[in-house]
Protein chains: 2
Amino acid sequence: MAIASQEVSPARFSAQLRSHALQTGIMDLILDRGLDVGDALPTESELSAELGVGRNTVRESLKVLQALGVIEIRHGFGMFVAPNNFSALVSGLTFRGRLSLRHKGEEAMELIDVRQALESGLIGLAIDLLTDEHVADLRATMEAMEDAAKKGEPLHEHDAEFHRRLYAPLNNELLINLMDVFWQVYRKIHLAIGTGPVNLEQQTQDHWDIFEAVANKDKALASERLQRHFDGIRLKLKEVAAA
Amino acid sequence: MAIASQEVSPARFSAQLRSHALQTGIMDLILDRGLDVGDALPTESELSAELGVGRNTVRESLKVLQALGVIEIRHGFGMFVAPNNFSALVSGLTFRGRLSLRHKGEEAMELIDVRQALESGLIGLAIDLLTDEHVADLRATMEAMEDAAKKGEPLHEHDAEFHRRLYAPLNNELLINLMDVFWQVYRKIHLAIGTGPVNLEQQTQDHWDIFEAVANKDKALASERLQRHFDGIRLKLKEVAAA
DNA sequence: ATCTAGACATTGGACGTCCCATCTCCTGTA
DNA sequence: TACAGGAGATGGGACGTCCAATGTCTAGAT
């Protein structure tokens, strides 16, 4: 399974296409050999030989695949087919947000909007599938958050957990990961634009309100309260953009 | 929670950290210098010198940033801050789907589910913001699709356009891009599992039905019809997985 | 017999150098 | 004025060399 286009007329294909072909070549190799998550890939040298390109070149593609969450690279050990994760997306999107903060913060606002749209748009579907067990899990998370708030500890871990469990009924790991990405980007933007003194009690209460609406299966109210959840940062973003 | 804290041995972390630090280093450099979309980055050699790493090493990071849509690399000309695009995500996600098709197609199903959840979950918000102009645009797209169907031409371009315009009222480029990613992944999965003879008229009619519900601002009906939209491929996926 | 420390092979990480491919821009000619 | 072609700059790629991290295996001590 070689990059067939190389033998014929390399010049006809743009460099970008060749680079992309190498990446898909490696992915095809994984699929052709029936490698599964956790299985080891050939070594860099072997790949270099089999694909007929230099080791540096294959390394560039491997780094890209690593960034895309396709493979996992372990120094001194080998390379393996990775379980999916979107972590790479976070840095790219955060960069976008920071970049846009310099003019009008439009993209940062869009990032917030995406998270808001995802959360308030999908909560209805989640409520449809909500079981008592899910509600119990949510309550447990909220109690942990309340404990932390009383001790003056930071809430972000509990916050993340709450939002993850909110959409657990959808039973879709991929979607949870995706929403987690936007949670993280949200948080980074929040940190970047600087926050005033955080009111732990208020923050906890906001989440209790959301929990209550969800537990009562009131889709409209839950959706509205989730929207509210983002009003604060939107205001601050506008201030920063105006300045 | 697949994203954040996977169990990681300390040394592997450091290796990852250096690579990641280089990437963020380049992004910081862009931000520090006030570079904007379209502006040129320093040359590879300059970056190599300024960041104190070898050119090959910096190239690996640059390729990653290119894959993440942060920069655009033009052979023989230079590197530039890129407008955001998620196109890189597509290949990674498609790989996931193809990989999962070999056992139970779970991830492929999740990918479909994500698109379905996004579309049917967000249509309500879109309808809230729908204007007559948006409806007119949608109708125009549908008429173009119908024309193509009558000529026996492939519909996928019109299909993509229809779904893009469906969420245009949300006025969020980022979200449109994101949904476009899942549209493309959906299509690739569709092609990968093989489709029976496509019924152009039926396909067009399905879209007309969705259009009608949206134009009438019937959120529930629109959401339901969007859900239906995916029933076919889900069935086929289950067949493939069972085989 | 068991445990541990250290040697060892394997593998990825980083770098330098050389040459090729491609682009833009400028110059010269018709 | 317009077009063709060259010059220079920049990214693309290939080796070769050495460094660093990791897991394994073995020898020695207990």
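Keep in mind that this is a model prediction, so the values were computed, not measured.
Contacts with DNA chain C (heavy atom under 4.0 Å) in residues 49-60 of chain B: G52(B), V53(B), G54(B), R55(B), N56(B), T57(B), listed by number.
Relative to the side chain of T43(A), the nucleotides dT11(C), dG23(D), dA14(C) differ in distance, and dT11(C) lies closest. Proximity note for H75(B) (side chain, C-beta onward) versus dG23(D), dG11(D), dG12(C): the nearest is dG11(D).
The aromatic rings of Y186(A) and H190(A) sit perpendicular to each other, their planes meeting at more than 60°, with 30° as the lower class boundary.
For the pairing with H163(B), the ring-ring contact (aromatic ring centres under 6.0 Å, His included) check across H207(B), H158(B), H156(B) returns one residue only, H207(B). A side chain to side chain contact (heavy atoms under 4.5 Å, CB included) with L65(B) holds for exactly one of V70(B), T24(B), I30(B), V81(B); it is V70(B).
Using a cut-off of 4.0 Å between Lys/Arg side-chain N and Asp/Glu carboxylate O, D39(B) and R33(B) are scored as not salt-bridged. Using a cutoff of 4.0 Å between basic side-chain nitrogens and carboxylate oxygens, E161(B) and R164(B) are scored as salt-bridged. By the 4.0 Å N-to-carboxylate-O rule, D28(A) lies close enough to R98(B) to be salt-bridged with it.
Atom CG in L62(A) sits about 15 Å away from atom C1' in dG13(D), given to the nearest Å. Between the NZ atom of K63(B) and the P atom of dA14(C) there is a distance of 16 Å, given to the nearest Å. Spacing between atom CD of E72(A) and atom C1' of dT22(D) amounts to 14 Å, rounded to whole angstrom units. Spacing between atom CE of M79(A) and atom C1' of dA21(D) amounts to 15 Å, rounded to whole angstrom units. Distance, E44(A) CD to dG13(D) P: 16 Å, rounded to whole Å. Atom CZ in F80(B) sits about 13 Å away from atom P in dC23(C), given to the nearest Å. dA21(D) atom C1' lies 11 Å from atom CZ of R18(B), rounded to whole Å. At whole-Å resolution of the value, CG in L41(A) and C1' in dT10(C) are 16 Å apart.
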